[in-house]
Amino acid sequence: MNFDLNLQELSGTFSVADVVAAMALSFILSTAIGYVYRYTHRNVSHSQSYVQTLVIVALIMLVIGSNLARAFSLVGALSVVRFRYAVKETRDVGFIFLAMAVGMACGARFYTLAAVGAVVICSVILAMSKFNWFALNVQRQVVKVQVPAGDDDTPQIRDVLIKYTSEFELVSTETIRGGALCEIFYTVRLKKDTEPGDPVSALQERTSGQRVTVLTGYDTTDL
């Protein structure tokens with residue numbers, strides 16, 4: 001009994017071996033992309049499900065290959081089924097596009113293009129992360145101060161900020177807890193040799209022990 005291992009479709013003839021090779025290469029490359037994403041991720045919003053989605057997206061794109069009709073069909077389907085994951089960074093979108101490109105290249109049987117492209121792009125991403133390319137060497141913090149509503153504590157707060165920061169700017173003021181407290185937000189740049197806890201303690205002395213928070217990007221000093 002003879003079995004025909006060649007499959008026929010509109011975009012051409014491909015064998016079961018082609019399918020296995022495409023899926024295996026797509027899985028390997030998308031997994032490598034996922035590890036590169038995890039290694040170079042510097043924010044606190046890391047999501048395991050997002051990295052797993054990168055692998056799934058690459059495998060889904062195998063269905064499209066080089067077929068434009070299926071590509072438009074998938075776009076229409078994705079417009080109906082919306083993603084529940086909110087992409088927090090433009091960098092995350094770039095990784096999605098990279099996984100999609102790798103999956104489509106494997107589906108179209110451009111194995112060399114998929115492998116070389118993934119290796120080169122991942123190498124560039126690793127280099128940018130290691131050498132911190134395009135970083136703006138300006139460290140800013142966010143200071144959040146709570147004061148009793150109705151009290152004008154702005155002069156005292158400004159005195160502390162002038163002492164501990166090289167520059168500061170008022171961002172917003174809002175009332176909380178039914179109007180009992182007023183919450184004031186500043187963006188500041190701490191002076192050299194100044195720890196986040198220094199302005200926190202000084203501000204608490206000026207605001208009758210109310211809550212003061214200094215957000216330093218990756219760390220939070222909250223007293």
Side-chain angles (χ1 to χ4, degrees), residues 33-54 82-98 122 124-223:
I33 293 171
Y35 276 109
V36 170
Y37 173 83
R38 190 186 69 172
Y39 179 77
T40 58
H41 190 79
R42 297 184 177 181
N43 208 337
V44 296
S45 59
H46 174 74
S47 173
Q48 179 185 13
S49 61
Y50 172 79
V51 182
Q52 293 173 349
T53 301
L54 292 177
R82 297 186 179 183
F83 290 103
R84 296 181 61 86
Y85 177 80
V87 178
K88 301 178 180 62
E89 299 180 4
T90 53
R91 179 176 173 275
D92 293 353
V93 178
F95 273 91
I96 292 178
F97 283 136
L98 177 57
C122 287
V124 171
I125 294 172
L126 289 172
M128 288 192 297
S129 176
K130 180 177 179 59
F131 298 105
N132 206 23
W133 291 359
F134 313 115
L136 183 62
N137 191 21
V138 175
Q139 296 182 353
R140 287 185 174 271
Q141 293 78 27
V142 175
V143 175
K144 181 175 66 175
V145 185
Q146 293 180 358
V147 297
D151 296 344
D152 187 11
D153 294 313
T154 304
Q156 292 88 339
I157 296 174
R158 292 176 62 90
D159 289 343
V160 174
L161 295 180
I162 290 173
K163 179 179 180 181
Y164 291 102
T165 68
S166 58
E167 63 178 84
F168 63 91
E169 181 180 359
L170 177 64
V171 176
S172 66
T173 302
E174 59 180 310
T175 58
I176 60 174
R177 298 184 183 179
L181 293 175
C182 183
E183 198 167 59
I184 308 173
F185 289 84
Y186 291 90
T187 58
V188 305
R189 187 190 300 180
L190 295 179
K191 293 181 179 179
K192 293 183 178 180
D193 302 326
T194 298
E195 296 295 330
D198 297 337
V200 169
S201 301
L203 286 170
Q204 281 191 319
E205 293 177 0
R206 303 293 182 93
T207 58
S208 303
Q210 294 294 336
R211 185 177 184 182
V212 178
T213 305
V214 177
L215 304 175
T216 59
Y218 298 105
D219 300 319
T220 302
T221 300
D222 190 353
L223 299 177

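We're numbering straight along the sequence, starting at 1.
- Summarising the geometry, atom OG belonging to S172 is positioned 8.0 Å from atom CD belonging to E183; distances are rounded to the nearest 0.5 Å.
- Remark: the backbone N or O of I125 is not paired with any side-chain donor or acceptor of S129 at under 3.5 angstrom.
- In plain terms, the two heavy atoms of R206 and Q156 that are nearest each other are NH1-O, 3.7 Å.
- Considering all non-hydrogen atoms of both residues, K191 and T165 come closest at CE-O, 3.2 Å.
- Between Y164 and A202, the shortest heavy-atom distance links the atoms CE1-CB, 3.6 Å.
- Y186 OH to R158 CZ: the interatomic distance, rounded to the nearest 0.5 Å, is 6.5 Å.
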Q.
Please evaluate residues V142 and V171 with respect to the criterion side-chain contact (heavy atoms from CB on, under 4.5 Å), reporting the C-alpha separation (whole Å), side-chain torsions for both, the decisive distance (0.1 Å), and the verdict.
A. CA-CA 9 Å; V142 175; V171 176; over 6 Å; no
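- Here L126 contributes atom CG and Y35 contributes atom OH; the two are 14.5 Å apart, rounded to the nearest 0.5 Å.
- Residue L203 holds its CG atom at 11.0 Å from CG of D198, rounded to the nearest 0.5 Å.
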Q: May I have the step-by-step check of side-chain contact (heavy atoms from CB on, under 4.5 Å) for L181 and T175, ending in yes or no?
A: CA-CA 6 Å; L181 293 175; T175 58; over 6 Å; no
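- V160 is not listed as a side-chain neighbour of K163, based on a closest heavy-atom distance of 4.5 Å or more.
- Rounded to the nearest 0.5 Å, atoms CD1 (I184) and NZ (K144) are 12.5 Å apart.
- To the nearest 0.5 Å, atom CZ of residue R91 and atom OG1 of residue T40 are 3.5 Å apart.
- Between Y37 and Y50, a ring centre-to-centre spacing shorter than 6.0 Å is recorded.
- In this structure, E169 places its CD atom where only 12 or fewer heavy-atom neighbours from other residues, nucleotides or ligands lie under 6.0 Å away.
- Shown here for V147 and Q210, the closest heavy-atom pair between the two residues is CA-CG, 4.3 Å.
- Between C122 and I33 there is a side-chain heavy-atom pair separated by less than 4.5 Å.
- Taking the side chain as every heavy atom from C-beta outward, F168 and I162 approach each other to under 4.5 Å.
- Summarising the local packing, CD of E174 is surrounded by more than 12 heavy atoms from other residues, nucleotides or ligands at distances under 6.0 Å.
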